[in-house]
Every structure is written in C-alpha cells, then in structure tokens.
Amino acid sequence: MEQTKFLLDESQIPRRWYNVVADMPNPPQPVLHPGTGEPIGPDDLAPLFPMALILQEVSEEAEIAIPEEILDIYSLWRPTPLYRARRLEQAAGTKARIFYKYEGVSPPGSHKPNTAVAQAYYNKKEGRTRLSTETGAGQWGSALAFACKLIGLECKVYMVRISYDQKPFRRSMIQLWGAEVVASPSNDTRSGRAILEEFPDTPGSLGIAISEAVEDAAQRDDTSYSLGSVLNHVLLHQTVIGQEAIAQMELAGAFPDVVIGCVGGGSNFAGLAFPFIREKIAGREIDVLACEPAACPTLTRGVYAYDFGDTSKLTPLVAMHTLGHDFVPAPIHAGGLRYHGVAPLISQLVRDGLIRAEAYLQNDVFASAILFANTEGIIPAPESAHAIHGALRAARQADEAGEQRTILFNLSGHGHFDMAAYDNYLAGKLEDVALDEEEIARALRAIEGLPTPA
Ligand SMILES: Cc1ncc(COP(=O)(O)O)c(C=O)c1O
C-alpha cells in the first residue's frame, strides 16, 4: 500500500521563522509616509504595532527564533499533515504526483492562527490589552479571536458585510472565543459612517474593514491593530508551513516541480512558497504559482504602484500590485481573496520572475473543489479551492508536455462554514464576474499622483 499521509513529530515543529528578505535578489521598496512621501521608520508604526513586530517587519535576518510560548500553542495543531492526493490524481487521469499541505486542522480551520498566536503573544508581552482587526472570510477574525482568548487579550473584529451576512457561524465562532464582532462598514468608526452615508448598500471590502480597524487602534492607547496578511511579519510567521512541507516531501522521497497557493493578501501562499523560493534562489528549478480570482485579479491585471492598504487612506503607502484602494471586488464566495492589493514581498518576487500568477473564474474553481471533496474527502474553503484548481491545471499542462511533474499545493483551510456558497454552486446560482477594463481603469484613477516605485 502506498503511503497517503506524511506526518512529523511534535518535536519537529520548526524552531525558526524564515525571512525571505535576506535572500531576495532585489529588496522590497521602502514603505512611505503618505504626508511627506519619505520612508517611514519603526517609530512611525509604534502607535499601531508592538515594537517586536515592527522589528520583524524591517528585519533582514534570514531566521528569527520562535518563542517557546508560541511553539507551545502551535503544538495544539502543528505539525500539520502533508497528503499525497492519489484519489484526486486518479480521478483527474493525470500522471502528475499531487501533494497538499493541509492547514485546515488548526482549531479555527485555516493557516491564520500561525500568525494570530504570534501577534497576540508579542502584543501581550508589550502591555497591550486589546487588538482590533478586520476579517474578510471570517477565517482571520476567528483565528485572532482564538489566539486572543488563549493569550488573554480583548479583541474587536470588523467583519466585511457580505461575509457577516453569508457566514453567520463564523460570526458565532468569533463570539464564542470572546471577541466582539460588527459588520463593516459599521457605525462604530468615522470611516465606516462616511462610507455608509455614501454607499448604504455596500457589500463592504477588506480595504474598508482595514480602515475601521486601523482607526479603532489609532484612537486607543490600550489597542494595537492586527493584520492577518500582506505585511512582512505576517508572511514570516506563516513560513512554518513551507519548512514542514520540505521535511515531509523528503519523507515522501519527492521534491516539487511546482509549488502552488491561493493569494488574497498573500500569507498562506508565502508561508508555503518562501522556503521553496529560498531553494529556487539557491539554484533549484521550481515553478511557483500564485492563484487569484478573476473578480479580483490583483497580480494578473493590477499595476505595480505605491498605494494605500485601505480604502480611507489611513495606512502608509506600500509598493505592491494593486487595483486601486477604492476598488470594491464583486461579492464572490472566496471572501478572503477580495483584496485590492497584495503583499509587497510577493509583488517584488513577481517582478523578479520568481513567482508567476493566474486568475480563475469562481464556477471553475468550485468545480475543482467538488472534484477534490469527492475524491480526497475534505471540503475545501473556497479560497483554498483556487489552489486546487491551479494544481489540476498544472497537472494537465504536465501531461500535455509529456512530463511527470510533482505538484505541491497549500490547502489553506476547510470550508465547513462556506456551505451556503456550495449550496449556490450546486443549485447553479453562482455567477462568474467578468471584470471589465473600464472598471479597472476607473479604480486605478484613485492612485494617480501617488509616488512611483523605483
Ligand atoms: C482559508 C483561507 N485561505 C486563504 C485566504 C487568503 O488570505 P492569504 O492570501 O493571506 O492567505 C484566506 C483569507 O481569509 C482564507 O480564509
């Protein structure tokens, strides 16, 4: 019998996070102060984040030790399993070998607690008592609520309106773990009220929810802001995924030709891919593929520019692929992928040709999700299903090229709270959103006049 699961012992949880900045051929562009256009320093970020996280944000060290207290909480679900998807391979009729790393075994059901626990830990250590955050799909909000409960912090979650309505049980999870949750835009912040006044029926967006959470944190001394993706330190914390995967692929006697993840802000993708990009920079040949929704095609159709991380222009300016900070993506079911920008580290690596990207329509993605659920059994989160779809395409391309390739993708979470989306798909009610050039051009006008990256 061929082996299906490749498991590591608890003692093999990585002891260090890997910082890709140390190995990048070109460093990321500096983060700029929106008022002065000058690079910002650690002190500028101090009202929002604890200093330990700010120092990780600007670190150029290749490895950063993971504190024991964080490892202790990681041990509740880490190391996560790596599977060989033999039943999926058979059903797809491919010669490719497909492996997946499954992050859905964490208590909240995704990769998000890898950074939530770390962020809560450093905040607590520096005396903050409360965190504010946004959530798109509800996965991040529930992960941070979980982490705050275990570490002992209060938590307020601004949940994108469409997810708040579509996913009442994600809301309940956030409340069960003791956090407060409101639909965004909300009446609790100035930015939320301004948007509600202009667009009372808006489905919300991650950009809007970030504005609310940043405003909340900036106004209170006891509160830090916590972001579930995009920032360097968030991607750093996720690299436990790829480090474990390298060890598990070794157990399987294999190494991937193709490494794949879905991209919202970029954290699960980076978590799996960065340790492999370290190998790629060192000379190994690996195709690294980022998968995004056609309704929010940041990497494939956005421009590389300085832009705000949020809709109300409260954050510093970061150089990244963007669709413009006031772009509100159509309310597709992969709520966690509805972000106008992407992690600057990923953008830079795309520019340097170390990562490539593809965009998919949601009906195609759900068809792949159903094939996966019907063969491997796990019902994937709609976000993660983009990576499944990418893996099946990569397998087909390998077969067409007459090569047997090894494909590894990140199954970033389960979809147990996304059944309304599956209901819609099975009833044939899911709409594919064709984003036209005019809307992209309109949204990009929002960044006219901002500084241009070098
Ligand atoms: C299961 C899952 N996968 C992926 C994402 C996308 O985020 P990121 O690109 O930061 O991994 C989300 C975001 O909410 C998610 O819940």
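Indexing begins at 1, ligand by ligand and atom by atom, following the structure's order.
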Among protein heavy atoms, which sits nearest to atom 8 (P) of ligand 1, and what does the distance come to when rounded to 0.1 Å? S267 N, 3.4 Å

At the 4.0 Å heavy-atom cut-off, does H111 count as touching ligand 1? yes

Look at atom CZ of F199 and say whether more than 12 heavy atoms of other residues, nucleotides or ligands are closer to it than 6.0 Å. no

L337 heavy atoms, cut-off 4.0 Å: which ligand 1 atoms fall inside? 6 (C)

R97 bridged to E89 by N-O distance under 4.0 Å: no

Ignoring hydrogens, just give me the one of G336, S412, C262 whose non-hydrogen atom is nearest atom 6 (C) of ligand 1. G336

Using heavy-atom distances only, which candidate in E292, E383, K112 approaches atom 13 (C) of ligand 1 most closely? K112

Return yes when G136 approaches ligand 1 closer than 4.0 angstrom through a heavy atom, no otherwise. no

Under 3.5 Å, which donor-acceptor pairs link side chains of residues 262-273 to any protein atom two or more places apart or in another chain?
| from | atom 1 | to | atom 2 | distance (Å) |
| --- | --- | --- | --- | --- |
| S267 | OG | H111 | NE2 | 3.3 |
| N268 | OD1 | N410 | ND2 | 3.2 |
| N268 | ND2 | C262 | O | 3.0 |

re atom 10 (O) of ligand 1, the protein heavy-atom contact at minimum distance is S229 OG, 2.5 Å

Parallel, tilted or perpendicular: which describes the rings of Y100 and F409, with under 30° parallel and over 60° perpendicular? parallel

N or O contact, S110 vs ligand 1, cut-off under 3.5 Å: no

Hey, which atoms in ligand 1 end up nearer than 4.0 Å to a heavy atom of Q139? 1 (C), 16 (O)

Could you grab the distance from atom CG of L82 to atom CE of M249, nearest 0.5 Å is fine? 6.5 Å

Counting only pairs under 3.5 Å, give me each side-chain donor-acceptor contact of residues 144-158, with atom names and distances, residues two or more places apart or in other chains.
| from | atom 1 | to | atom 2 | distance (Å) |
| --- | --- | --- | --- | --- |
| K156 | NZ | D188 | OD2 | 2.7 |
| Y158 | OH | D216 | OD2 | 2.7 |

Would H325 and F308 count as a close aromatic pair, with their ring centres under 6.0 Å? yes

What atoms in ligand 1 come closer than 4.0 Å to a heavy atom of A381? 1 (C)

Ring-face cation of R171 near Y164 (centre distance under 6.0 Å, axis angle within 45°): yes

Side chain or backbone, does G265 bring an N or O within less than 3.5 Å of an N or O on ligand 1? yes

Option of least heavy-atom distance to atom 11 (O) of ligand 1 (set: T135, L235, V263, N268): N268

